[in-house]
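What follows is one structure encoded as structure tokens, with my remarks underneath.
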Amino acid sequence: MTDAERAALAARVRDEFQFAWSRYKRIAWGHDELNPISRTAHDWYPPAVFDMTPVDALDTMTLMGFADEAAATRQYLIDHLSFDQDVDVQVFEVTIRLLGGLLSAFQMSNDPKFLALAEDLGTRLLPAFDSPTGMPYRFVNLRTGKTSDPLSNPAEIGTLILEFGTLAKLTHRDVFYTKAKTALAGVYERRDPHTGLVGEQIDVTTGKWTNPSSHIGGGIDSYYEYLLKCQKLFGDADCGAMYRESIASVDKYLADDGPAGLWYGVSDMTTGKRTATSYGSLEAFFPAVLALGGDLDRARRLADSNFKMWTLHGIEPEVLDYKTMTAEVESYQLRPEIVESAYYLFHYTRDPRYLDMGRTILTSLVQYCRTDDGYTVLKSVVTKERGDRQHSFFLAETLKYLYLLFSPETIDLDRVVFNTEAHPLKATW
Ligand code: DMJ
């Protein structure tokens, strides 16, 4: 790919971001997300609104150079965002999207009002950690601190340390770091003593596993990502050791390496026995983590499998049986993970195949998911039937990673750590 072709692709992604953002603004401004087919808005926790799309999209527009739009969005958020709301929020989602977005807004703008908003939100989330194990309940009421739902999972428990840790460093309140690290280590300490694997569901009041299914997909995925990135961002050697130990088990029991390429399937955490050959659009983040962790060989081979999954129907399914190459769950949710992996692989290898992958993915997105009023999810990648949601992570992650893949390198991955919602964080402390 020539430099001119790359530049044209970056410009195209920038245009598509502007399109998706403008339709959100036109139809769903003042709400969390856009439903582009019904031309309606979606709020996560009505009657409260947390401006999910503007918070998630803000650092993407900043990186893309939409300076005036970013300034106006920052002002809007400062004037309108309030977390003093009587609603039960999901700790994980609010942390990765809102807390992560506010912290990157603070680091990019140096406006202390964003740190104040982040500290207010973080403080309201803290009661979630008051369980007998220190692992957080899934939901907490932002006004009363009342918690609910003890049946959680490694991803929701272990994907908090980057945001709470950054908040701790920036506010000098260690409590945020300590609580999130205790939670993360709580999952690790309960790994199976024989296989070293973790399961899919755990009761945070008893510390007992309630579902022993082990994999790298939804419910577990970003637990591994945060073990590694905790070491990168904070220099926390415990996290690095936990990552290395965990990934050895994952490679031993979950990797499925054969003539059809490298995949990661599902096994029972106690026996290590294979129970399913499922892999999907969420699992596609794993090459990025492997590359960041230094295992470029597996990262490259798994990124090739990602691309096979994408090209099977011209766009990836939510879940694929990689043995039969059939879609088990046919939807596509505008997910970013496959692009995230292409971006990391290109960064570390400079192999142009990842640019070509990015171009194919962009072309499919435009062909199948672009509507007159924004981008939408698909109900089926086989029939290409459309659903009705422009998720905030499409602007936070999918378009950001595509843009970063094609644009000249501006991010130093030795200094910047992306949270799992692609909000860049830096060790400025
Ligand atoms: C995002 O909210 C985050 O990337 C999360 O880790 C997984 N789900 C979505 C994107 O698919």
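As the structure lists them, so they are numbered: ligands from 1, and atoms in each ligand from 1.
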Tyr375-Glu16 side chain donor-acceptor pair, cut-off 3.5 Å: yes

Enumerate, one pair per line, all nitrogen or oxygen atoms of ligand 1 lying under 3.5 Å from a protein nitrogen or oxygen, stating the separation to 0.1 Å; write 'none' if no such pair exists.
residue	atom	partner	partner atom	Å
ligand 1	2 (O)	Glu421	OE1	2.6
ligand 1	4 (O)	Glu397	OE1	3.3
ligand 1	4 (O)	Glu397	OE2	2.8
ligand 1	4 (O)	Thr420	O	2.8
ligand 1	6 (O)	Thr420	OG1	2.8
ligand 1	11 (O)	Arg335	NH1	2.8
ligand 1	11 (O)	Glu337	OE1	3.3
ligand 1	11 (O)	Glu337	OE2	2.8

Non-neighbouring partners of Tyr226 that pass ring pair (Phe, Tyr, Trp, His ring centres under 6.0 Å), sequence neighbours left out: none

Heavy-atom side-chain proximity of Tyr279 to Asp321 below 4.5 angstrom: no

Contact list for residues 241-250, test side chain to side chain donor-acceptor pair (under 3.5 Å), sequence neighbours left out: none

With sequence neighbours excluded, residues passing ring pair (Phe, Tyr, Trp, His ring centres under 6.0 Å) with Phe114: none

Donor-acceptor side-chain pairing of Asp268 and Thr275 below 3.5 angstrom: no

